[in-house]
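Presented below is the structure to which this report refers.
The first residue in the sequence is number 1, and the count goes up from there. As the structure lists them, so they are numbered: ligands from 1, and atoms in each ligand from 1. All heavy atoms count here, side chains included; hydrogens, waters and symmetry mates do not.
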Amino acid sequence: DKAGHKHFMSKEIAEQPTVISEAINFYLTNDGKDIALPGEGIDFKSLNRLTMVACGTAYYACMTAKYWFEQLAGMPVEVDIASEFRYRQPPVTDGTAALFVSQSGETADTLAALRYCAGKADQILSVVNVPESSIARESNLALPIHAGAEIGVASTKAFTCQLTVLLLLALKAAHMRGKLDDDALTDLLSKLRGLPATLNNAMAIEESVQGVSQSLSKVKDVLFLGRGMMYPLAHEGALKLKEISYIHAEAYASGELKHGPIALIDEKMPVVVLAPRDALFDKTISNMQEVMARGGKIILLTDQAGADEVSEDVWQTIIMPEIDPVLSPILYALPAQLLAYHTAVAKGTDVDQPRNLAKSVTVE
Ligand code: M6R
């Protein structure tokens with residue numbers, strides 16, 4: 001049932017404020033001041049390393065979580081694509097928790113990576129949408145994301161719910177490891193509780209995204225740029241666009257631009273720049289100006305404070321609500337998803353069942 005939407009993907013994008021709030025409520029204690037993990041929980045003090053493994057969109061959720069675990073909890077984190085991890089024979093040292101992220105819980109490479117770690121890692125953890133899945137069953141602790149059934153092949157609400165649960169885990173780790181005091185935790189949790197409402201307000205960008213998408217549907221290549229936590233989001237935006245609109249899209253860390261991809265810039269390849277007005281904003285904007293100086297057309301995703309600081313030569317600006325930088329990846333997933341969705345609709349592709357793709361990749 002598409003609940004009045006043209007596609008499951010659009011319904012699932014719209015559901016995000018509700019399902020994220022369900023995920024938050026599942027993990028918060030009644031007073032809203034702490035995070036209660038199911039079962040015996042996780043003793044983050046006894047761990048010295050986190051290895052996160054996944055495929056596709058779930059991998060980009062892990063990449064984002066690396067920034068949270070490192071910055072908030074001071075924990076060394078490795079992130080890997082399951083198909084590479086499983087055959088590399090990576091050493092799994094004492095004090096390592098291995099964490100597998102999967103919407104379906106049945107992805108063949110992720111499951112094989114989990115089996116490789118079983119008996120080697122101190123703990124096998126998973127973040128899953130299907131609690132009865134193989135990955136959940138073979139973990140010491142499976143953390144549900146509460147996204148509800150996701151039908152569209154392109155993952156949307158599962159991604160933002162994965163991010164939400166991973167952020168809660170990073171906050172729990174930071175608190176347990178003494179990097180975040182009670183007040184700081186309470187403050188961030190209260191901001192997180194406000195996120196579904198902010199995301200709901202952000203849905204107002206849909207009309208302007210639709211306009212931009214009309215133009216995007218006519219191009220052959222798109223580049224996505226981001227820095228810090230916006231870098232994994234740039235990857236997610238590029239993956240979404242490729243999957244459902246069949247437009248070639250690539251993501252780069254803004255700082256890598258000069259190391260090669262700037263050679264591609266011309267007026268035919270729009271460049272999507274993800275840049276909320278955070279500590280790294282000026283750096284990203286200077287990369288954006290390098291693109292503009294070479295005739296590149298910019299689609300800037302930023303907030304009002306960010307928009308006020310850039311010149312009028314930016315081709316298209318999509319204004320997002322202001323948000324604490326820690327929460328920005330969850331919010332900025334929305335314009336990335338909507339750009340892909342409306343571009344695909346403008347092209348007339350099969351949004352929910354894109355060619356050559358399966359919802360769950362259960363064979364290698
Ligand atoms: O079920 P999983 O989360 O393990 O699936 C992983 C990927 O196959 C999946 O995220 C894929 O990349 C999606 N089609 C992305 O939209």
I'd like to check which ligand 1 atoms, numbered from 1 as shown, lie under 4.0 Å from a non-hydrogen atom of [X].
X: Ala154; value: 16 (O)
X: Lys240; value: 15 (C), 16 (O)
X: Val153; value: 13 (C), 14 (N), 16 (O)

Return the closest protein heavy atom for [atom] as residue, atom name and distance.
atom: atom 8 (O) of ligand 1; answer: Val361 CG2, 4.1 Å
atom: atom 7 (C) of ligand 1; answer: Cys55 O, 3.7 Å
atom: atom 9 (C) of ligand 1; answer: Thr57 N, 4.1 Å
atom: atom 1 (O) of ligand 1; answer: Ser104 OG, 2.7 Å
atom: atom 4 (O) of ligand 1; answer: Thr107 OG1, 2.4 Å

**Report entry** Heavy-atom nearest neighbour of atom 16 (O) of ligand 1 within options Lys242, Gln103, Glu243, Met9
**Finding:**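 Selected option, by shortest heavy-atom distance: Glu243.
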
May I ask you to say whether [X] pairs ionically with [Y], meaning some side-chain N is under 4.0 Å from a carboxylate O?
X: Arg294; Y: Glu290; value: no
X: Asp34; Y: Lys172; value: yes
X: Glu267; Y: Lys297; value: no
X: Glu322; Y: Arg277; value: no

Report task. Return yes when Thr110 approaches ligand 1 closer than 4.0 angstrom through a heavy atom, no otherwise. Result ->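 False for this residue.
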
Query raised in the report: Should we count CG of Asp31 as having more than 12 external heavy atoms under 6.0 Å?
Result: yes

Requested in this report: Mind checking the CD1-CD spacing from Ile330 to Gln16? Nearest 0.5 Å is all I need.
Outcome: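 CD of Gln16 is found 10.0 Å from CD1 of Ile330.
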
Requested in this report: Kindly compute the distance separating CG (Leu47) from OG1 (Thr96), expressed to the nearest 0.5 Å.
Outcome: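 It comes to 8.0 Å.
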
Query raised in the report: Between Tyr341 and His7, is the gap from one ring center to the other below 6.0 Å?
Result: yes

Requested in this report: Could you tell me whether some N/O pair between Ser155 and ligand 1 is separated by less than 3.5 angstrom?
Outcome: yes

